[in-house]
Amino acid sequence: MNLQEAIIIKIESLRKVKNWSKYKLSMKSGVPQSTLTSIYKKRCKSLKVITLFEICEGFNISLQEFFSDPIFDRDQIFE
């Protein structure tokens, strides 16, 4: 899996834990639904750090907490 796929999996897992729709994540984070759709459909080739920060803010977690998941371990990510 590559980094983009790992980020999508992590966002999806956080959404499921909170039982949020993409719409609710958009409302909580301030990230437009169209941007979230672009991320999910892998049309967003270079995700901006500020966008990921806003998503984390929506979930009320830090970037450090987001990336502390083992899915981001070096041996899990490859291109």
Side-chain angles (χ1 to χ4, degrees):
M1 127 181 51
N2 64 32
L3 182 58
Q4 182 181 23
E5 292 166 335
I7 289 170
I8 293 167
I9 290 168
K10 179 63 178 185
I11 292 170
E12 191 62 14
S13 110
L14 290 167
R15 274 193 337 104
K16 286 181 180 176
V17 165
K18 293 200 176 263
N19 197 27
W20 285 1
S21 64
K22 289 178 192 169
Y23 174 79
K24 183 148 187 180
L25 174 57
S26 176
M27 292 295 99
K28 292 283 191 177
S29 66
V31 175
Q33 280 187 280
S34 60
T35 301
L36 293 174
T37 298
S38 290
I39 293 167
Y40 273 88
K41 292 190 176 199
K42 300 179 187 174
R43 286 185 278 184
C44 183
K45 295 297 179 195
S46 57
L47 179 61
K48 293 180 182 179
V49 174
I50 189 66
T51 302
L52 189 54
F53 177 80
E54 290 168 342
I55 290 169
C56 288
E57 286 287 299
F59 286 124
N60 199 30
I61 63 171
S62 67
L63 284 168
Q64 182 178 1
E65 289 171 292
F66 184 88
F67 285 112
S68 69
D69 191 302
I71 198 169
F72 296 108
D73 287 351
R74 182 178 291 201
D75 60 334
Q76 297 293 318
I77 305 294
F78 59 88
E79 295 286 335

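- Nearest heavy-atom pair across Trp20 and Gly58 is CH2-O, 3.1 Å.
- Hydrophobic cluster membership differs between Tyr40 and Met27, with clusters built from Ile, Leu, Val, Met, Phe, Trp and Tyr side chains linked at under 4.5 angstrom.
- Tracing side-chain contacts under 4.5 Å through hydrophobic residues (I, L, V, M, F, W, Y), one never reaches Leu63 starting from Val17; they form parts of separate clusters.
- Both the sub-6.0 Å distance and the 45° axial angle are not jointly satisfied by Lys10 relative to the ring of Phe72.
- Once rounded to the nearest 0.5 Å, the distance linking CD1 of Ile11 with CZ of Phe59 reads 6.5 Å.
- Under the 4.5 Å side-chain heavy-atom criterion for ILVMFWY residues, no single connected hydrophobic cluster contains both Val31 and Tyr23.
- Distance check: Gln33 CD to Lys22 NZ gives 9.0 Å after rounding to the nearest 0.5 Å.
- Here the side chains of Lys24 and Asn19 are not in contact, with every heavy-atom distance at 4.5 Å or above.
- Defined by atom type and a distance below 3.5 Å, a donor-acceptor pair is missing between the side-chain atoms of Thr51 and Glu54.
- Interatomic distance, Leu14 CG to Asp69 CG, rounded to the nearest 0.5 Å: 8.0 Å.
- A side-chain donor-acceptor contact under 3.5 Å links Asn2 to the backbone of Gln4.
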**Request:** Kindly determine whether Ile55 and Leu36 satisfy side-chain contact (heavy atoms from CB on, under 4.5 Å), including the steps that lead there.
**Result:** CA-CA 9 Å; Ile55 290 169; Leu36 293 174; 3.9 Å; yes
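- Among all heavy-atom pairs drawn from Ser62 and Cys56, the shortest one is O-SG, 4.0 Å.
- Rounded to the nearest 0.5 angstrom, Ile8 CD1 and Lys41 NZ are separated by 12.0 Å.
- To the nearest 0.5 Å, atom CG of residue Asn60 and atom OG of residue Ser29 are 12.5 Å apart.
- Separation of atoms CD (Glu57) and CG (Leu52) is listed at 11.0 Å; rounding is to 0.5 Å.
- Listed here is the closest heavy atom pair of Glu5 and Met1: OE1-CA, 3.2 Å.
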